[in-house]
Structure formats: C-alpha cells, structure tokens
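These notes concern the structure reproduced below.
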Amino acid sequence: MDQAGGESGGRRIELPGDGFEWKKYGQKFIKSIWKFRAYYKCQKEGCNVKKKVEWSESDPHNLRIVYEGGQHNHDLSTQDPGESSRGGSSADANRYNLINQVFGDNPPS
DNA sequence: CGTTTTTGACCGGCGC
DNA sequence: GCGCCGGTCAAAAACG
C-alpha cells in the first residue's frame, strides 16, 4: 500500500477510508457494464469481510462500494474518537449489518 | 527485510 | 454440451 508504493505511480482511484484495513487482491474491467471493479479483503484474522469497489471509467469519482461477509470480527477502530464511544459503539458496527452498502451512485438526471 | 500492490491467466458456474 | 463471465490466485517489483 502506501508504505511500499511511495506513490511513484500514484493510485489511480481514491478509496474512501471506512475505518477498516483492506488488501486489494484483484482488479478487473467489466465490459458488461463498462466499469472497473476492484476486490478488497479485510486484513483482520477471523474477519472474512470482503469489499467490492465499482466505478466507471469516465467517473472515477462515482464509487459504488459493496460490503460482503456481513459483520467484522473485531471492533471498528474509527479514527474519530467519540464517535465510537457515542452511545453504543456496537451500534456503529451494526450499521454494517446490511450485507451491502452503496456509496456514490448519483447519476445526473 | 517485510510488506503491499499490480497484472495475467486460470477455473467454475450458469444459461440456452 | 458449449460458451461466456466473473472471481480468485500467484508471482514479481518497489519502498521505508
């Protein structure tokens, strides 16, 4: 990741930090929908959660993130203290109960 | 040195 | 039965 890459080439796409560590294990261009698809896996042991990122070649800013696997096995380490301590930290992780979350998705009408 | 990332290629499942 | 697609893995290279 950043530590090794040094960004000499520079990541082509900006990934929204969701508070978890993911390892990219695949990237492919789905011509069926004319969009790129990247596959990430949670790097926590016992955490078989997978993340899929899909974005269109013309709109790299439109990221559609889909979480798979359900819930994480470890506590969500949020960068913002207070948020997790805010009434029911477990509730925060609960939001990930929905197997799939979608981000972006803003087709101009 | 360790770690991570990137790309290519391969395989299985499904539909008709 | 066959073809096609999506998904995953492996290896190599580079950086601090």
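Proteins come first, then strands; the chains are lettered A, B, ... in the order of their sequence lines, and each starts at number 1.
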Check: How close or far is atom P of C:dG7 from atom NZ of A:K41, stated in whole angstroms?
Finding: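 These atoms are roughly 14 Å apart.
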Checklist line | Euclidean distance, atom CD of residue A:Q43 to atom C1' of B:dG2 [Å, nearest integer] | finding: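 Rounding to the nearest Å, CD of A:Q43 and C1' of B:dG2 are 14 Å apart.
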[N] phosphate, OP1 or OP2: any side-chain N/O from [X] under 4.0 angstrom?
X	N	result
A:K50	C:dT8	yes
A:R37	C:dG6	no
A:K24	B:dT6	yes

Check: Under 4.0 angstrom, heavy atoms only, what part of the nucleic acid is A:K31 near: base, sugar-phosphate, or nothing?
Finding: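 Sugar-phosphate contact only.
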Notebook entry, point to check: For A:K41, does the NZ atom have more than 12 heavy-atom neighbours from other residues, nucleotides or ligands under 6.0 Å away?
Noted result: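 No, not enclosed.
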Which nucleotide wins on minimum distance to the side chain of [X], given the candidates [options]?
X	options	value
A:S32	C:dT8, B:dT4, C:dG6	C:dG6
A:Y39	B:dT7, C:dC9, C:dT8	C:dT8
A:Y25	B:dT4, B:dA9, C:dC9	C:dC9
A:Q27	B:dT4, B:dC10, B:dT7	B:dT7

Item checked: Minimum heavy-atom distance A:Q27-A:Y39, with the two atoms named ->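 That closest heavy-atom pairing would be N-CD1, 4.4 Å.
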Next item on the list: Side-chain contact test, heavy atoms from C-beta onward, threshold under 4.5 Å: evaluate it for A:I33 versus A:E54 and give yes or no.
Entry: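 Yes, their side chains come closer than 4.5 Å.
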Notebook entry, point to check: So A:F29 and A:W34, would you call those rings parallel, tilted or perpendicular, with 30° and 60° as cut-offs?
Noted result: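 Judged by the thresholds at 30° and 60°, the geometry between A:F29 and A:W34 is perpendicular.
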